[in-house]
Amino acid sequence: MITRRLARPLSQSSPSAWVCPSCIGSPFAPRQAAASILPQTRRQQPQQRRSIHHVPPLTYDATFQQDGIPNFISKYGYKIAWTEYQALMVQKLNELTAGEPYEHSLTKDLAIQFARAPMSASLFNHASMAHNNHYFFSTLSTHPSKLDNHPSLKQSLISTFGSIETLQMTMLDTASAMFGPGFVWLIWARDLDIVGTRKGGWRILTTYLAGTPYVEAGYRQQGIDTNTNNASSQNAYRGPISNNVGYMGQYTKANMDKAKLPPGGTNAQPVLCVNTWEHVWLRDYGISGKRAFLSDWWDTVDWGAVEQIAPKESKGTAQFIRY
Amino acid sequence: MVQKLNDLTAGTPEENSTAHALSLTYSRQPNMSSLFNHASMAHNNHFFFEALSPSPPPISNSLTTQLNQDFGSLETLKQTMLSTANAMFGPGFVWLVKAKPSSNATVQSQEQRFRVLCTYLAGSPYAGAHWRQQGTDMNTVANQTAGAFGAFSVGGQRDAALAPGGTGVSPVLCVNTWEHVWLRDWGIFRKRNFVERWWECVDWGVVEARVPKTQGLRGRPFI
């Protein structure tokens with residue numbers, strides 16, 4: 001088991017009454033035996049720590065809290081999946097970053113910074129999960145705009161996928177096939193080495209658990225179920241190993257830091273994702289309702305929000321250049 | 001799980017195999033991973049629920065003695081299992097198993113000992129399926145060795161090449177940390193409380209019945 005350096009003592013978060021003898025009488029001993037970890041509104045931490053991170057405001061949060069997301073998630077499901085879960089992620093983030101130089105960093109930056117640090121796996125997980133969850137909820141709205149209202153985006157997607165139905169089926173089938181929880185992303189990948197087309201292309205990407213779609217953090221993309229791959233397929237997928245070793249050569253820390261982007265240098269801009277963690281759909285759809293949840297999600301996507309996030313070159317018509 | 005298993009095995013020679021047997025058979029076949037996942041999950045889930053009781057009798061002295069020998073105290077065992085469960089970011093199981101260490105260990109430690117093991121998602125603790133033990137979060141540990149025993153340890157990987165299924169792991173207890181198990185009754189913040197309460201509901205009689213009778217070296221004088 002990898003032991004992690006914790007920013008706060010373990011005793012502070014444990015509800016058990018047992019306290020190690022050297023902690024009794026110290027200022028960090030738990031004040032009460034059954035410490036509740038329910039956060040109180042914005043004040044996430046007892047004692048002297050400020051909370052830097054907080055649950056990011058969603059545009060439609062007030063409506064969602066009252067009425068849920070129409071035709072998709074009830075207000076109870078919304079409470080679990082956003083209000084409470086995001087609060088939990090933020091609370092853990094605050095605990096793990098308090099007093100550190102990166103305590104003000106954004107979740108995306110934290111995810112990228114700590115993607116290659118196994119000893120900070122917990123920090124990576126919570127930062128990346130907070131970021132991904134926020135992404136998922138920001139494409140949902142009370143009056144979602146249909147894709148037909150955004151012809152240039154729609155056309156661009158059709159150029160890549162052939163039809164919107166194919167895009168839909170691919171994303172939903174992928175999400176359905178994932179045994180464990182994670183996300184499925186639609187991303188615009190820039191600067192692909194494809195001769196003669198636009199400066200990038202649409203891709204569908206999966207990330208298991210709290211994996212991140214950003215290529216600079218590629219080592220923690222978690223795009224394949226590593227339980228069904230072997231060392232060589234995994235290596236082929238991941239590229240260089242994540243440790244560093246030696247004083248000179250390819251695997252030294254200096255050289256590994258240089259190789260920030262995987263070879264082939266793409267740059268990924270995610271525009272849309274679906275969160276397939278059980279706590280998102282379990283309440284409203286039941287244990288066998290994952291497929292129905294995915295279907296309803298597709299009908300609820302606010303393509304207006306997606307279009308706003310999508311980079312400009314992804315919405316242009318295809319320019320074919322012949323060499 | 002059962003429905004998916006039936007769908008996946010209908011009409012095949014395996015349609016009457018037990019979930020456990022299926023998980024052992026298909027642990028090495030990535031293109032049958034769906035079958036493995038559902039079989040292993042069905043088995044693990046059943047294993048979890050079998051050891052629960054509404055009013056469990058107190059743990060027997062003999063089992064307490066055995067566990068104390070390997071963990072120091074029951075409290076340590078409890079904290080180990082609970083901390084492991086809490087530390088796992090994704091869903092899975094935490095197991096108490098009786099296992100023989102790898103074959104290059106000293107004579108004295110050839111006997112079976114109790115260990116704590118975790119398996120992510122639908123990973124299987126059985127030695128026969130150790131290619132799918134899924135005992136580490138492979139996103140943070142990969143192409144390395146991990147642990148003192150088991151499929152990812154130095155000895156375990158050597159054993160895997162030499163003697164598949166040779167390490168003889170017998171699970172006796174597990175806790176299921178998938179969200180659907182605790183979300184409804186405990187809420188998203190209280191996984192820790194769920195695991196604590198689980199400990200109090202364990203039927204140690206069932207656990208003791210699962211412990212394999214050992215013919216180990218324990219009790220023999222040191223040679």
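From a predicted model like this one, the values you see are computed outputs, not experimental measurements. First the proteins, then the strands, lettered A, B, ... as listed; each starts at 1.
To the nearest 0.5 angstrom, B:His180 atom NE2 is 5.0 Å from A:Ile287 atom CD1. Note: A:Ile80 CD1 to B:Glu179 CD = 10.0 Å, rounded to the nearest 0.5 Å. The structure places CE of B:Met1 at 10.0 Å from OG of A:Ser288, a figure rounded to the nearest 0.5 Å.
The number of heavy-atom neighbours closer than 6.0 Å to CG of B:Asp185, taken from other residues, nucleotides and ligands shown, is above 12. More than 12 heavy atoms of other residues, nucleotides or ligands shown are found within 6.0 angstrom of CZ on A:Arg291. Atom NZ of A:Lys79 sits in a sparse spot, with 12 or fewer heavy atoms from other residues, nucleotides or ligands closer than 6.0 Å.
Of all heavy-atom pairs between A:Gly180 and B:Leu121, the closest is CA-CD2, 3.6 Å. Closest non-hydrogen pair, B:Phe89 versus A:Tyr85, comes out as CZ-OH, 4.2 Å.
Each of B:Trp178, B:Tyr120, B:Phe36 was scored for a ring pair (Phe, Tyr, Trp, His ring centres under 6.0 Å) with A:Phe179, with one residue passing: B:Trp178.
Proximity to chain A (any heavy atom under 4.5 Å) is restricted, for B:Leu183, to the side chain, taken from C-beta onward.
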